[in-house]
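Please read the structure below before turning to the comments.
We use all heavy atoms of the structure for the numbers below, so side chains are in, but hydrogens, waters and symmetry mates are not. Keep in mind the model is a prediction, meaning the values are calculated, not measured. Per chain, numbering begins at 1; letters A, B, ... match sequence-line order.
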Amino acid sequence: MSDPVGPLEWAAKAAFYCVAALTLLGGWFAVSQRNLFRAALGLALALFGVAVLYLFLQAEFLAVAQLLVYVGAILMLIIFGVMLTAGIADPAVPRWNRQAVGAALACGALAVGLVAAVLRAPWLAGAGKEFTLPLEALGRGLLGRYLLPFELLSLLLLGALIGALHIARKEKE
Amino acid sequence: MMETILSWMIFLPLGGAVAVLFLPKGNERLIRGFGLAVTLAVLAGALLLWRGFNPSAAGFQWEQKIAWIPMIGVHYHVGLDGLNFPLILLTGILGVIALLASHTITERIKEYTFLYLLLLGGMLGTFLALDLFLFYVFWEVVLVPMYFLIGIWGGPRREYAAIKFFLYTLAGSVLMLLSILTCYFASTPHTFSIPALIQQGVTLSGTVQWWVFLGFFVAFAIKVPIFPFHTWLPDAHVEAPTPISVILAGVLLKMGGYAFLRISFPIFPEVARGFGIVFAVLGAINVIYGGFVAMAQTDFKKLVAYSSVAHMGFVLLGFAGLTLTGFNGAMLEMFNHGIITGAMFLVVGMLYERTHTRELSAFGGLGAKVPVYGGMLIFFTLASLGLPGLSGFVSEFLALLGCFPTHPVITGISVLGLVIGAGYFLLLLQRVLLGQMPEKWAGLTDLTVREIWLLVPLIGFTLWIGFWPKVALGWQSPSLAGLLYRIGGNAAW
Amino acid sequence: MLLSLIPLLPLAAFVILIFFGRRLGKFSPLVSLTALMGSVLLSFSMLGLLQDARFAHTPPTVAWNWILFGGRRLTFALLADPLAVTMCLVVTVIGWGIMLYSVGYMKGDPRYSRFFAYLSLFFASMLTLVLADHLVLLYIAWEGVGLCSYLLISFWFEKPAAAAAGKKAFLTTRVGDLGLLLGILLLALKGGELSFRGLAAHPEAVGPWAALAAVLLFWGAVGKSAQFPLHVWLPDAMEGPTAVSALIHAATMVAAGVYLTARAFPLFLAGPEALQVVGATGAVTTFFAATIACTQTDLKKILAYSTISQLGFMMLALGCGAAFAGMFHLVTHAAFKALLFLCAGSVIHAVHHQDVTRMGGLLRSMPITGATFLIAAFAMAGVPPLAGFWSKEAVLAAAAGDPLGRGWLLWTAAATAGLTAFYITRAGILIFLGSPRGNGQAHESSWTMTVPLIFLALGAVGIGWINGPWTGHAFERFLHLPVWAAAGHGAAHGTGHGAGVGHGPGLLILSLVLAGGGIGLAFLRYGLGVQLLPERLRRAGQPIYRVIANKYFIDELYEAVLIRPFLAISRALFRFDQRGVDGAVNGAGLAGLWVSRFKGWVDRRIVDGAVNGAAAVTGWLGAGVRGLQTGWVQHYLLIAVVGGMVLLLLLIRGWA
Amino acid sequence: MIVPVSHVAALSAGLFALGLFGALARRNGIGILISIELMLNAANLNFVAFSRAQGDGSGMGQAAALFVIGVAAAGAAVGLALMLAIYRHRRTIAADEIDLLKG
């Protein structure tokens, strides 16, 4: 969908920022919740947020892929993981480990640094003409120029599948 | 084959030594036979040289010069002339006799034969080498087998004696190495070859020449041995097994004297002339001191060892005069001393086998019990004390005659040595052969035919040179005259 | 040439006997006797040749080159001139007699053949010595003779005394030989001729050194002929068999010294001072030995000292320039002294001991030995018709005519003559006359011993006549070497006419009185037991007597002055050699040890220290770093992140 | 582009930092996995944003994002399997208790 013009544009910008804020919130929950299930939900919120952002960036296929794969598959996996490992809600288990403070400082500094650098960086905004990528071009790309990574990815997934199965299998006594 | 005979003579024993290692250890007869074969081959070589040797030919015969380490100008350079021919003959003869006398060595025959042949090769090499580097190599090669031969098969204090002998000679040879290197760098173009050094001389200032000559002098003095450096000799002789002390006295002591003639005198003529008085004094000391100390000995073998010191004193007297007679006397004395003292050690060894003691006080009156042995002992003792008519007298007389014109007083003193020599040798005879025989020697057996035939060639040589020295002197005299002419000595006297 | 056969025959006998001695057994003397007989005949043939005019001036010689190189040419030669032939005859003829005698004397000795081997070797060397024309050849023979005397003296070496005597003889003569050697060296150095003919031809070639060279040669003669300083070995040499003493220590070897002086006379004449030394030594020796002889009780010792005295007598004559007189006395002395010894031998063989005081009255039981002994005794004493008279008279004449006018030479000679007569008669009486003191079952020796006695007795009687006035001094004319006379200055007239009776009756009477007096006194003292000296004088003379009896304590003197210090020096030097020089060597060894030990310590402390230090530091560092490895994954992640950020920062700051 | 690229980039930076904090600070293994997924999403966001802003029409950005999603899936699967295995074995999946590699 091409860029709307005028007042509509300001609303879109506001929506965009709102979704961004929601994504961030979800991220924070995913990271901080003592109860892992809630953390998983936080992650879900964040994933949704990202999907919406893709839409804003006219990457529709990606948004759908995000929803299907990430939310549908990976999240489910994580939830199963949470379920299978006891103590998900045990309040006595401290949420952060010893180096939480240090980690927080480091990440805070990183964040500030990155954001400052990004905002001040002289992006080539508008150097190239903005253009949207027709889906059909993406498909041809995947099976054309990026055929090799595509095949490798399938191989990787197969390997991971077998590996995961083997590791998680219950040992025969 | 004939022109490379010298190399054959050197490498046959060395090769033989290596070959012995492959022989089966148990089969003693094979090893002894093989060893004898090699030494006989060397003797045959020496006799071949004798037949073909032309004493008056200038320069060296059967000379071989092959570049060995061209980079620093070292050649495998061997040659024969009047100086080393008698000593090669002596080595050949004593080589065979000493090995035959080795039947008394019973344990570890294989190592013994190996070391013995190595020693023989080293000695021949030292005498034939005409290149300072090669000479030094063979000089050291001789040391190692001798150290083991004394150290393993020797008497009670063998380790001490072997180490002392080794370190003493090594210290000397270190000084020699310094001198060799100085000669090398002082000669243009740099060379180790002795004839070349002699021709072109050594471009060194007077004092440095003296120091270099001194370096050589100390190394050779230890070997001769000369007075202050002689203390290794009695220990080495007493502790060495009989055949080895025959070789030690017969050949090793000559390397020092020979080296003086071959290296020190021709390369440093002025210094040699100046050193005459030193040689005379040291010679006199050797004769008198050696005689006195020999008089005080109670050990048979030590007495003979100190007598060697006295005999070597006459060699020095021969050098002192820088006259042809003197040099001839010195050279002949080296040859005769090898024969006579070699025989004396054999005789001592034979007695030691039967009585297992060398204390003179333990003997007495053996003359009746073992007449043939007594006869041999008397003969060689008389030869040692320089009885005229035997070879000992000829060389001592010539040495004295040669030294008399330049140092009459010192020669007069050294003549006393003749009386001292007669003194301790007759004392020896009196203690061993004459007087009452202690009953414990009742079972003593006389010499076996084998032992007699060991001594017969030596008796032959002693008598032959005693009565007709002309032949023996004929070998060496032209070369000595040439040497004297070069160093400005008095060739007419 | 025949001449070289003379010494070679006995040498051949020696070689044969050495190798086949034991097998020959009792036939071994035959070998040496035949060999010696060969030499005797050859010597007579030489004598015949000399009479022949052709050889008058060029005596037969044989020469060969001994050493030939460069400037030195030593050619040895044998020369048969009158002097040499005389000595040859003396040696071979008397020697043959003695050898025949020793066949019987040595019978039953276990080493019978070896004895004759040594005897033959002795004859070979002695004949070479006598015939030698070259000083070095003479020196070789000289020591060869010395060797034989050593071997023969210590023949019965079971007796320690014999062994020591042999050694003493060889060493003392060796000291003398040193002089001879130095003389040869000096002659060779100073351009003098080493061959006697050369020496005779131009003795002055040596120039001023002649006297010293002559004295040195004489020193050799002193050693060999047992003159004064070096006489100590002869009395001890009596330990050997009597036949040996007779041959070597009476007739032949000891005469070699006199022969050498006579042979090298031109050299002595070239240096007159040397003649004085010879004369003086002769005089001292003759008188000194005569006095000792009078006091000895051992028969062989008496004869030994008598020999020394007679040799001194000859030397005295030579010292007076009368070479002929000396040689003539040598010849006669050889005859009767050998006889005396052989008689002594047969006496000792019979009574088995040598102490004259325990003998007596043996004349009846041993008539031949007794008679021949007395003949020889009177010959030596100088009783007129016998040999001794003529030669002693000649020597006295020479002493009288001494060119240097030394009166005391004549008087010592005269006194000695008297003493000689006294002690020999004393011995004769004590042994043969008077009541038998010994155990008395002495018996006469076998024919092999008595025949030579008679043979030599004839010699002792007749030998003097060959130079008697009725033969016109034939011997002197025969022995008259041109060189002796040609000396020119004073000495000549001494030999010219002094010999024989011609020197006026004075000398004749003198010698008669001396002989008679000596015999008379001895007869009175020992025959009739008359105390010649009043009691008081005798007691006063007792200490002097004891001194003389102990041979003037010369042996003890030598022992203390020479031998003991000699051994002390050698022991001291040996200790020095052990501790001093060896000490230095071992010291060097020890020093080396200390240096190496110090170096070892340095090695351990410093070098190892540094190495261990480095290890410790790394260990400490390691421990420090180990803290990081917590095994906690997130911790690693944090480190990675922080590291990454720092790098990023640096990158941005433009550091990279 | 309704929003300047820098803003999107800033957003993804924030997200990334949050994820990193979670990975470093959370005790629970699965918590770490969750944080990792967050970081991956931040990266994807950047991919798409830049591809959109000045891509060259080849769709590289989006393709890359797709691949990242694929890899993330594989990673999560294996991670969880590991967590299960560790849990079954050690009764806990607290990261700081699993320190077998301690030096």
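Atoms CD and OH, from D/Q62 and A/Y146 in turn, are 10.5 Å apart once rounded to the nearest 0.5 Å. Distance check, rounded to the nearest 0.5 Å: OG1 of A/T23 to CG of D/L18 gives 11.0 Å. Taken to the nearest 0.5 Å, the CZ atom of D/F67 stands 7.0 Å off from the CZ atom of A/F150. One finds the CG atom of D/L11 at 10.0 Å from the OH atom of A/Y17 (value rounded to the nearest 0.5 Å). Note that CG of A/L36 is 6.0 Å distant from CD1 of D/I30, once rounded to the nearest 0.5 Å. With values rounded to the nearest 0.5 angstrom, D/N44 atom CG is found 7.5 Å from A/L62 atom CG.
Most heavy-atom pairs under 4.5 Å with chain D: of the set A/A21, A/A117, A/P149, A/G141, this distinction falls to A/P149. Counting heavy-atom pairs closer than 4.5 Å to chain A, the top residue among D/S35, D/G61, D/S12, D/A73 is D/A73. Considering only heavy-atom pairs separated by less than 4.5 Å from chain A, the leading option among D/S6, D/G22, D/A17, D/A23 is D/S6. Per-residue counts of heavy-atom pairs under 4.5 Å with chain A were compared for D/I32, D/L66, D/I86, D/L33; the largest is that of D/L66. With chain D as partner, the option from A/S154, A/G42, A/A39, A/A104 having the largest number of non-hydrogen pairs under 4.5 angstrom is A/A104. Of the residues considered (A/L157, A/V101, A/L114), A/L157 shows the highest number of contacts with chain D, using heavy-atom pairs under 4.5 Å.
When all heavy atoms are compared, the tightest approach of A/A168 to D/R88 is O-NH2, 3.0 Å. For the pair A/L138 and D/A63, the tightest heavy-atom approach, listed with the atom from each and the gap, is CD1-N, 4.1 Å. When all heavy atoms of D/V71 and A/L153 are compared, the closest pair comes out as N-CD1, 3.8 Å. Nearest heavy-atom pair, D/A10 versus A/V115, reported as atom, atom and distance to 0.1 Å: O-CG2, 4.0 Å. Between A/A40 and D/I34, the shortest heavy-atom distance links the atoms N-CD1, 4.2 Å. Across A/V118 and D/A9, no two heavy atoms sit closer than the pair CG1-CB, 3.3 Å.
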| request: Go through A/V50 and D/L15 one step at a time and tell me if the side-chain contact (heavy atoms from CB on, under 4.5 Å) criterion holds. | output: CA-CA 10 Å; A/V50 168; D/L15 256 180; 4.2 Å; yes
| task | Might you work through the side-chain contact (heavy atoms from CB on, under 4.5 Å) test for D/L20 and A/L110, ending with a clear yes or no? | result | CA-CA 10 Å; D/L20 184 62; A/L110 181 68; 3.4 Å; yes
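Residue A/L77 touches chain D through both its backbone and its side chain, counting heavy-atom pairs closer than 4.5 Å. Contact of A/L24 with chain D is made through backbone and side chain together, with heavy-atom distances under 4.5 Å. For chain D, the nearby parts of A/I78 are the backbone and the side chain; heavy atoms of each come within less than 4.5 Å. For A/L47, the part sitting under 4.5 Å from any heavy atom of chain D is the side chain, from C-beta outward, and nothing else.
One N or O on the side chain of D/R26 and one on the backbone of A/V31 form a donor-acceptor pair closer than 3.5 Å.
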Output a table of donor-acceptor pairs, distance under 3.5 Å, between side-chain atoms of residues 63-75 of chain A and any protein atom two or more places apart or on a different chain; print 'none' if there are none.
residue : atom : partner : partner atom : Å
A/Q66   : NE2  : D/N41   : OD1          : 3.1
A/Y70   : OH   : D/E37   : OE1          : 3.1

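For the ring-ring contact (aromatic ring centres under 6.0 Å, His included) test, residues two or more places apart in sequence or in another chain that qualify with A/F16 are A/F56.
Using a 4.5 Å heavy-atom threshold, the side chains of A/Y54 and D/L45 count as touching.
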